[in-house]
Amino acid sequence: MEAELTALAASGATAFVGLMATEAWNQARGRVARFLARGEDSEAVGAELEESREELIAARRGGDEESAEDIAAAWRVRLRRALRDNPEAAGELRELLDELAPHQAPGPTVTVNNSTNGGTYYSQVIQGHDISGLTFHGGGAAPRPDPEGR
């Protein structure tokens, strides 16, 4: 049971910290704070979450992934302690995670390898998956040379 709660705490921390760097955090923050407060002052927990969010954003802007991981680790420990003290909260955390990041069927895995060597290109080349709404503006393609030199 302890391993299950530890894994759930890790999933929760990963989801919460992942959301912190997105616009969705504004909607999720209150729910996360109420869950973590467990009947205590959710505004104080909300302030802690907001401080973590600011630190996370600053760390990622500065390319400091170690600090970003430290933030996730701190919330992982906090969630693990909360679940250890109140194992019944596991169901509530699972529901919260399902609401915040609904399970979606994974899309197909596509591997693309491109290789371009030398040559002259006379128009745009696009390779990708699910491309739509492209518009190209410009001076047009370069004239193609006459292969017979005329």
Side-chain angles (χ1 to χ4, degrees), residues 1-119 121-141:
M1 183 67 163
E2 180 68 28
E4 182 182 331
L5 293 179
T6 298
L8 181 58
S11 294
T14 299
F16 295 165
V17 171
L19 281 169
M20 283 180 183
T22 69
E23 292 298 320
W25 180 246
N26 294 329
Q27 296 168 342
R29 182 177 163 260
R31 293 282 320 274
V32 172
R34 283 189 297 281
F35 172 80
L36 290 167
R38 312 296 311 149
E40 300 297 322
D41 184 7
S42 64
E43 287 184 27
V45 175
E48 289 179 65
L49 287 164
E50 197 56 35
E51 183 179 329
S52 289
R53 179 179 191 262
E54 290 170 10
E55 291 173 7
L56 176 69
I57 291 170
R60 289 198 173 151
R61 280 189 185 137
D64 185 359
E65 286 304 314
E66 188 174 325
S67 290
E69 179 51 39
D70 288 346
I71 293 165
W75 287 106
R76 193 168 35 250
V77 168
R78 178 115 178 229
L79 277 170
R80 190 170 52 235
R81 285 181 184 152
L83 292 173
R84 185 184 60 218
D85 294 345
N86 185 4
E88 299 81 35
E92 187 181 338
L93 179 56
R94 283 187 193 96
E95 288 176 18
L96 179 58
L97 292 175
D98 286 344
E99 289 175 26
L100 296 177
H103 297 289
Q104 297 176 358
T109 301
V110 178
T111 302
V112 177
N113 296 305
N114 294 318
S115 178
T116 304
N117 295 307
Y121 303 96
Y122 297 99
S123 64
Q124 294 85 6
V125 177
I126 304 287
Q127 180 175 353
H129 186 266
D130 293 335
I131 297 174
S132 64
L134 296 177
T135 304
F136 293 100
H137 301 280

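Keep in mind that what you see is a predicted model, and the values were worked out from it rather than measured.
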Q: Would you name the heavy atoms of Leu83 and Ala89 that are closest together and state the gap between them?
A: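 Smallest heavy-atom distance, with atoms named: CD2-C, 3.9 Å.
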Q: Kindly give the heavy-atom pair with the smallest separation between Ala13 and Leu79, and that separation in Å.
A: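 Smallest interatomic distance, heavy atoms only, reads N-CD1, 3.3 Å.
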Considering only heavy atoms from C-beta outward, does the side chain of [X] approach that of [Y] to under 4.5 Å?
X	Y	result
Phe16	Arg76	no
Val32	Leu100	yes
Arg80	Leu5	no

Should we say atom [atom1] of [X] is surrounded by more than 12 heavy atoms from elsewhere, each under 6.0 Å from it?
X	atom1	result
Glu50	CD	yes
Glu92	CD	yes
Arg38	CZ	yes
Glu65	CD	yes

At what distance, to the nearest 0.5 angstrom, does [atom1] of [X] lie from [atom2] of [Y]?
X	Y	atom1	atom2	result
Leu36	Arg34	CG	CZ	11.0 Å
Leu93	Leu8	CG	CG	4.0 Å
Arg60	Ile71	CZ	CD1	8.0 Å
Leu56	Arg61	CG	CZ	10.5 Å
Leu49	Ser42	CG	OG	10.0 Å

Q) Taking it one step at a time, do Glu4 and Arg94 satisfy salt bridge (charged side-chain N to carboxylate O under 4.0 Å, His left out)? A) CA-CA 12 Å; Glu4 182 182 331; Arg94 283 187 193 96; 2.4 Å; yes
Q: Check the pair Ser67 / Glu55 against side-chain contact (heavy atoms from CB on, under 4.5 Å), numbers first and verdict last.
A: CA-CA 8 Å; Ser67 290; Glu55 291 173 7; over 6 Å; no
Q: Please report the C-alpha distance between Arg53 and Arg29 in whole Å, then the side-chain angles of each, then the deciding distance to 0.1 Å, and finally whether the side-chain contact (heavy atoms from CB on, under 4.5 Å) criterion is met.
A: CA-CA 10 Å; Arg53 179 179 191 262; Arg29 182 177 163 260; over 6 Å; no
Q) Can the positive tip of Arg31 be found less than 6.0 Å from the middle of the six-membered ring of Phe35, inside 45° of the ring normal? A)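 Checked: cation-pi criterion not met.
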Q | Audit row: Arg78, Glu48, side-chain contact (heavy atoms from CB on, under 4.5 Å) steps and yes/no | A | CA-CA 12 Å; Arg78 178 115 178 229; Glu48 289 179 65; 2.6 Å; yes
